[in-house]
Amino acid sequence: MERYYQKEIECAPLEELRSIQTEKLKKQVQHVWDNVPYYRKKMEEKGVKPEDIQSVDDLGKLPFLSKKDLRDAYPYGLLGKPLKDCVRIQSTSGTTGKRVVAFYTQHDIDLWEDCCARAITAAGGTDEDVCQVSYGYGLFTGGPGLNGGSHKVGCLTIPTSSGNTDRQIMFINDLSATILCCTPSYAAYLAERFKELGYGPNDISLKAGIFGAEAWSEEMRADIEKTLGIKAYDIYGLTELSGPGVAFECSAQGGMHINEDHFIAEIIDPDTEEVLPEGSQGELVFTAIDKEAFPMIRYRTRDICKLSREKCSCGRTLIKMAKPMGRSDDMLIIRGVNVFPSQIETVLLNNGYAANYQIVVDRVNNTDTLDVQVEMTPEMFTDNVGEVEEHQKKLSEGLKSMLGIKAKVSLLAPKSIARSEGKAVRVIDKRKI
Ligand SMILES: [Zn+2]
């Protein structure tokens, strides 16, 4: 039986959703016009006034916000509420440039935690469950977001945060945890550790996992599900918009429902900024229509994906987004060809490797080189050079046919790549351009 946290919204008729969006959007545009001079200036430059926005159909009249705006307006330039009304900040790791610092009022935290509660409930969670939150706590949104959602659902929450893998396993076992929340790469590591300790899928109390904050392939999902004996659900979000829970997966496990009563999604052509029709692939853009302190309007996520309003078997009417191909900033251009790390991961897992790999890109004599370094599984590990070469050749052919370019393959001994407790470092780009 499908469970919902806020059924009246999650399954609302389309007209009702649209009218909620219209009402909130009008209010939000007035709010930023009145309180965010940075965005008001952008509106003025585009010749748009709040009264020009009469429905969701007018969204396209509004200017975009990008990562650059966040940098330029850092730290307070996009704040929509006086600091005395704000109760918390969260922040990104800042691996790709300046940190994003996002502000929250209590209202913003409540709606964020509601979104996470919807995700946990869609994964089958109830107040009978024991939910272990192994995302990092602190500035990172993963831990606090799922922690709050888990409280709202009424699960017994185990706030282990990330790291200390054997202690994670001890808590899962001793307290019979049923739901695990962490990054997919950390779930894969926990799965590997369980296996090493001799646990089969039926010996592990977990029944579901909610994994996000990095790109992961369907093959990796299948692997984690099999090893842990769980259903693995995807969750999507970003700090700029609150954190995890902007979109979440349901029992159909085919794309994530966007919480449209809080976020309006559009797909645009990243080069022309033109809005594309439903079903087209392009850059995902979000307008947060409910957030007070950090009210992002038409924020360009740089994630490449598709939207679909096809009827979902779970009964939810919220539009679905496909798993993003990866951030457009994750996309590598190698010898002029677009390569997503997720494509490489698909080939590796299809060939029987686990998701323990690194992609090293370099430039030698003005030519890009691509080196895919992957660990052999303990089963395929051997001293026999002929056998290793055979594995290498097979993988190299698989990569060539997926990517259209040749890649060097380096097979490594099991356990030679450092395991990640948060977001895995998959790409090392040594090119100086
Ligand atoms: Zn669904």
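Residue indices begin at 1 and follow the sequence shown. In each ligand, atom 1 is the first atom listed, and ligand 1 is the first ligand listed. Hydrogens, waters and symmetry mates play no part in the numbers below; they use all other heavy atoms, side chains included.
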**Asked** Is the cationic atom of K323 (NZ for Lys, CZ for Arg) positioned less than 6.0 Å from the six-membered ring centroid of W216 and within 45 degrees of its normal?
**Response** yes

**Under-4.0 Å salt bridge between E310 and K320** = no

**Request:** List for me each residue that meets salt bridge (charged side-chain N to carboxylate O under 4.0 Å, His left out) alongside R300, sequence neighbours excluded, and say none if there are none.
**Result:** E273, E283

**Asked** How would you list, by chain and number, every residue that makes a side chain to side chain donor-acceptor pair (under 3.5 Å) with D85, sequence neighbours excluded?
**Response** none

**Request:** Using 2.8 Å as the cut-off, count the protein N, O or S atoms closer than that to the Zn ion (ligand 1).
**Result:** 4

**Request:** Inspect the surroundings of CD in E128 and state if more than 12 heavy atoms from other residues, nucleotides or ligands are less than 6.0 Å away.
**Result:** no

**Residue pairs involving residues 47-78 (criterion ring-ring contact (aromatic ring centres under 6.0 Å, His included); sequence neighbours excluded)** = Y76-F103

